Amino acid sequence: MPTDEPARRAPADERLAVELIARTDYGRVATSLRAMPFLAFARHIVVDGRVLLRMPLKCGYHLACAGSVVAYGTDNLSCARRGESLWSAQIVGRCERVEPTAAELELFGPAPPLVDGAPYEPVYLGIEPQFASVNSTGDDDLEGRLSRVL
């Protein structure tokens, strides 16, 4: 019997999504705030298959994310070269506040000096992927091309 529900993605898709996220520096975290959809930007790094986020403390985004299930995604829409396939990658998982190690802080690189005109104070969150999706344009083998590059 046909269904409109997407099939559960394989762990290979989760690995591919995390690999694609690792190729970018920024993404968007989606959750809900007072039962309303909420979307915020974040700087991210990938460490051992886990996505770590750095967000501005002043904005309070972390209050909606920490302790909740969130979606996090990124894409190459603004940096794809002419003729290159477009892709987007998303993960879903529980988000928790974390204290990054010195090595992880170094991977994040320098923080911006200001956010909304005030000194930047970071807050760090971690997402352990539970589900993932990858979408791309064209008929090329995105996973195959990435495995040759990585």
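Just so you know, these numbers come straight off a predicted model, no measurement behind them.
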- Message: Are the side chains of Glu14 and Ile91 in contact, using a 4.5 Å heavy-atom criterion?
- Response: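 No. Closest side-chain heavy atoms not under 4.5 Å.
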- Message: Are the side chains of Val69 and Gln130 in contact, using a 4.5 Å heavy-atom criterion?
- Response: no
Given 3.5 Å as the limit, does a donor-acceptor pair link the side chain of [X] with the main chain of [Y], or not?
| X | Y | result |
| --- | --- | --- |
| Thr137 | Leu86 | yes |
| Asn76 | Trp87 | yes |
| Arg54 | Gly109 | yes |
| Arg94 | Ile127 | no |

Might you point out which heavy atoms bring [X] and [Y] nearest each other, and give the distance in Å?
| X | Y | value |
| --- | --- | --- |
| Ala80 | Ser85 | CB-O, 4.4 Å |
| Leu33 | Ala64 | CD1-CB, 3.9 Å |
| Ala17 | Ala89 | O-CB, 3.8 Å |
| Pro119 | Leu114 | N-CD2, 3.8 Å |
| Leu125 | Cys65 | CD1-CB, 3.8 Å |
| Tyr120 | Pro112 | CB-O, 2.9 Å |

- What orientation do His44 and Tyr72 show, parallel under 30°, tilted 30 to 60°, or perpendicular over 60°?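 Rings of His44 and Tyr72: perpendicular, as their planes differ by over 60°.
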Please report the interatomic distance [atom1]([X]) to [atom2]([Y]), rounded to the nearest 0.5 Å.
| X | Y | atom1 | atom2 | result |
| --- | --- | --- | --- | --- |
| Ile21 | Ile45 | CD1 | CD1 | 13.0 Å |
| Glu99 | Leu52 | CD | CG | 11.5 Å |
| Gln90 | Asp13 | CD | CG | 11.5 Å |
| Ser78 | Tyr26 | OG | OH | 12.5 Å |
| Thr24 | Arg43 | OG1 | CZ | 8.5 Å |

- Item | Pair Thr74-Leu20, side-chain contact (heavy atoms from CB on, under 4.5 Å): steps then yes or no | CA-CA 8 Å; Thr74 190; Leu20 286 168; 5.9 Å; no
- Message: Pair Arg28, Asp75 - check side-chain contact (heavy atoms from CB on, under 4.5 Å), show working.
- Response: CA-CA 10 Å; Arg28 290 164 214 84; Asp75 55 58; 3.8 Å; yes
- Query: Checking side-chain contact (heavy atoms from CB on, under 4.5 Å) for the pair Val29/Met55: CA distance, chi angles, key distance, verdict?
  - Reply: CA-CA 10 Å; Val29 62; Met55 303 175 78; 3.8 Å; yes
